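Below: the structure, in structure tokens.
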Protein chains: 2
Amino acid sequence: MSRTKARAALLQELEEAMRRSSAQGVLYGQTVANVAGIANSDLECMDILYLEGRVTAGRLAEVTGLTTGAITGVVDRLEKAGLVRRERDDADRRKVFIAVVPEAIERVGQFYVPMQQAMEKVFGGYSDQELRLLLRFANEGYKGVLAATAALKGLLDTPPEKRPDLKLKKLRRQP
Amino acid sequence: MSRTKARAALLQELEEAMRRSSAQGVLYGQTVANVAGIANSDLECMDILYLEGRVTAGRLAEVTGLTTGAITGVVDRLEKAGLVRRERDDADRRKVFIAVVPEAIERVGQFYVPMQQAMEKVFGGYSDQELRLLLRFANEGYKGVLAATAALKGLLDTPPEKRPDLKLKKLRRQP
DNA sequence: GCTAAATCTCTTAGTAACTAAGATATATAT
DNA sequence: ATATATATCTTAGTTACTAAGAGATTTAGC
């Protein structure tokens, strides 16, 4: 096998391995939501709030791709559960900031313990230098995925008849 | 900063970076479903079918965590869209295998092109040896996530009053 | 072999969470 | 000031989900 061909094979194997592990990551998230007894979108918003801190309802809609109406429902449920608080912005009173209540971090975070333990075990098999490489990849990968998401979203703005549409939604069973 | 403390900080940074990039990965998947015009679960099943090949309806339910009734709906939509075919097992006629129709790979796969391109660009910055490290990590990480998912699912079998429940579901807005 | 239990998918009825459109409240621009 | 824009919420209708159970087929016990 030639040098470049070996690399091509490596890249393909890597792509599949990443795809597989990220698919399993999605399933872990679904399981967390399930065990915690909250909707998937609710957990996703908690995750965004954890990473971004206090954000507006509109920002949640933007990031998750949900409508603002759907976000109202998400925040209603999370607020009623005592996980987040609505905080009106005094500078611009149209805005509503959503903030995680302190104890919620722990209440939700406990369900990530199995994942953290598994990851600590995996990381244990790597040297500091190797971990730094993984960190570099994680950061670059994040930026790559972010760019890819933006590129894909661009397709939504292209005229629908000009892009291939699978037309799967709004299908009802045959009588 | 001491040697071990440096590693602890590195691990924490790594965890956050992974969490961030995997969250963005979820969003990419949602965007694909959106652009393709199919439900999230439908795409998830297509992904499983791509990775595992021909699988039974029951296996899809097991892997996705959906009920078999929900899978019937997923497969109905995918079949009507011409992306999969139901194939009754002749050896055990209760079983229904779901198989991706050949052209569907391309029809769905096109939406992963932006991601592949972004990843190729990222991978370009790594030597073969480094890529092999990433591959090793991806494989070990997959196993770790798989184990973590199983561990978390174990909580579902523990008596609900014995485990911390967020009790968020089935909440309705106040009148 | 024949009956009972188990297994696999599908059906049905009801529910939760979503979208689309527009209402409301506040902010910005002319 | 008035008009336009922005941010969230509300309402009505839709979609995809669950729970429970009905077929259809297979496996186990006698």
Side-chain angles (χ1 to χ4, degrees), chain A residues 30-31 33-46 54-81 84-99 156 167-175, chain B residues 30 33-46 54-81 84-99 156 166-175:
Chain A
Q30 287 179 1
T31 308
N34 229 267
V35 174
I38 68 178
N40 234 291
S41 298
D42 297 1
L43 181 65
E44 191 182 351
C45 285
M46 286 300 291
R54 213 175 79 124
V55 300
T56 65
R59 169 75 181 154
L60 282 181
E62 189 187 322
V63 173
T64 58
L66 296 177
T67 61
T68 59
I71 292 296
T72 299
V74 168
V75 177
D76 281 352
R77 291 190 297 269
L78 291 176
E79 191 171 43
K80 189 173 286 187
V84 305
R85 258 201 320 265
R86 278 181 166 91
E87 296 175 356
R88 274 221 176 272
D89 185 4
D90 283 327
D92 182 344
R93 299 193 48 75
R94 293 168 304 178
K95 287 186 185 168
V96 172
F97 279 98
I98 316 300
L156 282 171
K167 298 192 183 65
L168 275 174
K169 265 193 179 155
K170 289 169 191 163
L171 293 175
R172 303 247 75 168
R173 326 256 331 257
Q174 299 286 39
Chain B
Q30 287 180 1
N34 230 268
V35 175
I38 69 177
N40 233 292
S41 298
D42 297 2
L43 181 65
E44 191 182 351
C45 285
M46 286 300 291
R54 212 174 80 124
V55 300
T56 65
R59 170 74 181 154
L60 283 181
E62 189 186 323
V63 173
T64 58
L66 296 177
T67 61
T68 58
I71 292 297
T72 299
V74 168
V75 177
D76 281 352
R77 291 189 297 269
L78 291 176
E79 191 171 42
K80 189 173 286 186
V84 305
R85 258 202 320 264
R86 278 182 166 91
E87 297 175 355
R88 270 223 125 71
D89 185 5
D90 282 329
D92 183 343
R93 298 191 48 73
R94 292 168 305 178
K95 288 187 186 168
V96 171
F97 279 99
I98 317 299
L156 283 170
L166 298 173
K167 297 192 182 65
L168 275 176
K169 265 194 179 153
K170 288 169 192 163
L171 293 175
R172 301 249 75 166
R173 326 255 333 255
Q174 298 287 38

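On a predicted model such as this, the values are computed, not experimentally measured, just so you know.
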Given atom [atom1] of [X] and atom [atom2] of [N], what is their separation to the nearest angstrom?
X: Leu78(B); N: dT9(C); atom1: CG; atom2: C1'; answer: 16 Å
X: Asp76(A); N: dC18(C); atom1: CG; atom2: C1'; answer: 14 Å
X: Arg77(A); N: dC18(C); atom1: CZ; atom2: C1'; answer: 9 Å
X: Gln30(A); N: dC17(D); atom1: CD; atom2: C1'; answer: 13 Å
X: Glu62(A); N: dT6(D); atom1: CD; atom2: P; answer: 13 Å
X: Glu87(B); N: dC8(C); atom1: CD; atom2: C1'; answer: 17 Å
X: Ile38(A); N: dA17(C); atom1: CD1; atom2: P; answer: 11 Å
X: Leu60(A); N: dC9(D); atom1: CG; atom2: P; answer: 11 Å

Look up atom CZ in Arg85(B) and atom CZ in Arg54(B), then write down how far apart they are to the nearest 0.5 Å. 9.5 Å
Output yes when a side-chain donor or acceptor of Glu87(A) lies under 3.5 Å from a complementary backbone atom of Val96(A), and no otherwise. no
When you measure from the side chain of Gln30(A) to the backbone N and O of Asn40(A), does any donor-acceptor pair fall under 3.5 Å? no
Please enumerate all protein N or O atoms sitting under 3.5 Å from an N or O of nucleotides 20-27 of chain D, with distances to 0.1 Å.
residue : atom : partner  : partner atom : Å
dT26(D) : OP1  : Arg93(B) : N            : 3.1

When you get a sec, tell me which of [options] is the closest nucleotide to the side chain of [X]?
X: Val96(A); options: dC9(D), dC17(D), dA16(D); answer: dC9(D)
X: Thr72(A); options: dC18(C), dT10(D), dT9(C); answer: dT10(D)
X: Val74(A); options: dT9(C), dC18(C), dT8(D); answer: dC18(C)
X: Ser41(A); options: dT9(C), dC18(C), dA17(C); answer: dC18(C)
X: Arg86(B); options: dC10(C), dC9(D), dT9(C); answer: dC10(C)
X: Lys95(B); options: dA19(D), dC8(C), dT8(D); answer: dC8(C)

Applying side chain to side chain donor-acceptor pair (under 3.5 Å), can you list everything that pairs with Glu62(B), at least two apart in sequence or on another chain? Arg59(B)
What residues, two or more places apart in sequence or in another chain, satisfy side-chain contact (heavy atoms from CB on, under 4.5 Å) together with Ser41(A)? Leu66(A), Val74(A)
With sequence neighbours excluded, what pairs up with Arg88(B) under the salt bridge (Lys or Arg N to Asp or Glu O under 4.0 Å) test? none
Holding to salt bridge (Lys or Arg N to Asp or Glu O under 4.0 Å), I want the full list of residues that pass it with Asp92(B), two or more places apart in sequence or in another chain. Arg94(B)
Mind checking if Ala70(B) touches a base, just sugar-phosphate, or nothing, with heavy atoms under 4.0 Å? base
